Each structure stands twice: as C-alpha cells, then as structure tokens.
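Whatever order the structure lists ligands and atoms in, that order sets their numbers, starting from 1. Just so it is clear, the structure is predicted and the values come from calculations on it, not from any experiment.
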Amino acid sequence: MPIVHHRISTLRDALQPYRGLQNDGQSRSQRIALVPTMGNLHAGHLELVRIAKQRAEVVVVSIFVNPTQFGVGEDFDSYPRTLDEDIAKLATVDADYVFAPSIDEMYPVLPPPTTVLAGAITDQLCGQTRPGHFDGVGIVVAKLFNIVQPDMAIFGQKDYQQLAIIKQLVRDLSYPIEIVGAPIVRADDGLALSSRNQYLSETERQIAPILHQELQRLAHELENHTLSVQESKALLAKAHNRITEVGFVIDYLEIKTESLDAPRHTTDSFNVERKDLIILVAAWLGRARLLDNQRVTVNQPL
Ligand code: PAF
C-alpha cells in the first residue's frame with residue numbers, strides 16, 4: 001500500500017532520505033516522480049503511475065481537488081472524491097506515496113493572494129470558456145512542485161493545453177523538473193478516459209466515442225488529400241456539424257501547431273512541406289465536458 005500523507009511537512013520529511021547525501025556522507029540519491037491528480041482515479045491515471053515507475057525509483061501521487069481551478073457554477077462541489085478507492089487502486093501499480101492534503105493545508109488563504117499567471121496561452125481553447133482555470137492549475141502545480149521537489153512529473157496528453165502550460169511554467173520559473181506527456185488512454189470504443197465520463201447517461205455514453213471517431217476521420221481527410229485552405233476549413237466545418245448533429249455542444253474544434261500557435265504562424269501559408277499539427281476539441285454531452293485531441297501531419301497549407 002502507498003504511504004499516505006496529508007501534511008506538507010510530513011511528506012517533505014518522508015522524501016528527504018531519497019535526496020542527495022545521507023548522514024554517513026554516502027550519496028544514495030533516488031529519482032522522485034510526481035503524478036498530480038484530482039483523484040477518482042481510472043486506468044488513465046494508473047498508466048501515468050506505471051510510466052512514472054519505469055523512470056523513477058520513488059513515485060508520489062498527489063490527490064487534491066483544487067478549488068482554484070474551478071470557475072463559478074462548475075463542478076467543484078460534485079467532483080467525485082474517492083480517496084479510499086484511489087489508494088487501493090494505487091497499491092495495484094506500486095505507487096510509493098500519496099499526498100492528499102486538505103484545502104487549508106494547500107491554501108492557508110483562499111483565494112491565495114499570490115498568483116501564477118499562465119499568460120497569453122490561456123486566451124484560447126479551454127481558457128476562453130474557463131477564464132482563470134489555468135491560473136488555478138498554475139498555482140497548484142507550482143505548489144506541488146515546491147512541496148515534492150520531484151525530478152520529473154507525468155501529465156496526460158488528453159489535457160493538451162494544460163500540458164503546454166506546465167511546460168511553459170517549468171521553463172519560465174526554471175524548475176529543474178522533466179515534464180513527461182503520457183499518451184491518451186482510451187476505452188475499447190475509443191472514448192478518452194476521464195473522471196468526468198461518469199457524468200454521462202447510458203445513452204450519452206453510447207454517443208461519446210463519436211467525438212474520437214470524428215477527430216480520426218478529420219485527420220484522415222486532411223492527411224490524404226492536398227487541399228486548399230478553403231477546402232480544409234470546409235472539412236473542419238463538416239466535422240463540427242456532424243459532432244453537433246449527434247448531440248454535442250462544441251466549445252471549440254480547432255487545428256493548431258504542437259506549441260498551440262495558429263498553423264499559419266509557423267510557416268508560410270503556401271508552404272507545402274509536411275507539418276505536424278494537432279486537432280483539439282472540447283465538447284459538452286449532457287453534463288460532461290469532454291476533451292480530446294488527435295495529431296495530424298498535413299502536406300497542404302492550413
Ligand atoms: O489534470 C488534473 O487532474 C489537474 O488539473 C491537476 C494537474 C492535478 C492540477 O490540479
């Protein structure tokens with residue numbers, strides 16, 4: 001079973017022996033990996049822990065439903081809290097430590113007067129419909145990095161914009177931490193695993209995989225034909241319509257470069273070299289807001 005800490009001080013004490021010099025002057029430094037989560041763990045989270053175990057000797061999983069990243073009217077109160085089940089699941093993948101702090105432990109003052117602003121990258125995609133969300137992610141991740149002081153941290157690629165923002169945070173605040181992006185884990189029918197999938201009704205759960213299918217179809221259409229900008233935009237619009245027709249309400253369906261710039265910002269729009277892009281979607285199905293993305297390599301202007 002992982003050892004559970006609720007206090008910052010006891011977790012720090014527990015991790016100290018893994019770092020640097022010991023009392024006898026011998027160095028027995030072991031790598032520490034952090035897997036930050038909000039709990040209600042599913043197979044996708046357990047895969048993050050497996051990846052962490054392959055890369056580090058000590059794996060710490062944080063479980064904290066972070067109030068500062070939820071907006072007014074969002075699901076902070078109803079977000080599933082399942083600590084005992086989570087700890088049992090983490091035992092199956094040999095996680096070493098669980099850090100499950102209270103809100104008071106993490107935020108002596110709430111909202112915290114100190115902020116970590118993620119900047120212009122939040123003006124788009126999820127940041128447009130969830131203002132302040134990534135600033136909340138920024139401060140909690142910065143705090144977790146300071147508390148755990150890991151050598152590396154593992155995040156899922158389903159939350160692609162979050163991953164990009166955390167890489168930016170590490171770069172700009174000079175954290176000596178390697179950020180590892182882990183591939184999306186999917187159900188057999190292709191739906192990206194998410195704690196919020198449990199908000200889906202039975203009927204919605206049948207419809208939900210269409211989101212991934214449409215991303216794959218769009219990627220296939222963009223990859224296999226040489227298209228004008230107008231033709232590409234028309235394909236995007238058609239995918240938008242098909243997703244909407246089955247009952248989704250789309251927040252965004254966009255194509256970006258891997259660093260989340262608009263595609264044309266990185267190359268001349270008539271450059272026909274192949275480009276690695278990413279199609280990103282956020283869409284509501286009933287009470288569930290689903291995120292997904294799909295890489296695509298195109299050889300036409302976009
Ligand atoms: O991806 C999540 O579960 C959360 O945004 C994170 C990174 C744990 C911060 O609260």
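Remark: the Tyr107 side chain and the Thr68 side chain contain an N/O donor-acceptor pair separated by less than 3.5 Å. Remark: the Asn40 side chain and the Gln198 side chain contain an N/O donor-acceptor pair separated by less than 3.5 Å. With 3.5 Å as the limit, one finds no donor-acceptor pair spanning the side chains of Asn66 and Tyr79.
Of the protein's non-hydrogen atoms, Met38 CG, 3.6 Å is the one closest to atom 3 (O) of ligand 1. Looking at atom 9 (C) of ligand 1, its nearest protein heavy atom turns out to be Gln69 OE1, 3.3 Å.
Using a 4.0 Å cut-off between heavy atoms, Thr37 contacts ligand 1 through its backbone alone, with no side-chain atom that close.
Ligand-side atoms of ligand 1 in range of Pro36: 8 (C), range being under 4.0 angstrom from any heavy atom. Listed by atom number, the atoms of ligand 1 under 4.0 Å from Val140 heavy atoms are 9 (C), 10 (O).
With respect to the salt-bridge test (charged N to carboxylate O, under 4.0 angstrom), the residues Arg205 and Asp189 qualify.
Checked by distance only, ligand 1 and Gln162 come closer than 3.5 Å through their nitrogen or oxygen atoms.
Looking at Tyr160, its side chain does come within 3.5 Å of a backbone N or O of Glu258 through a donor-acceptor pair.
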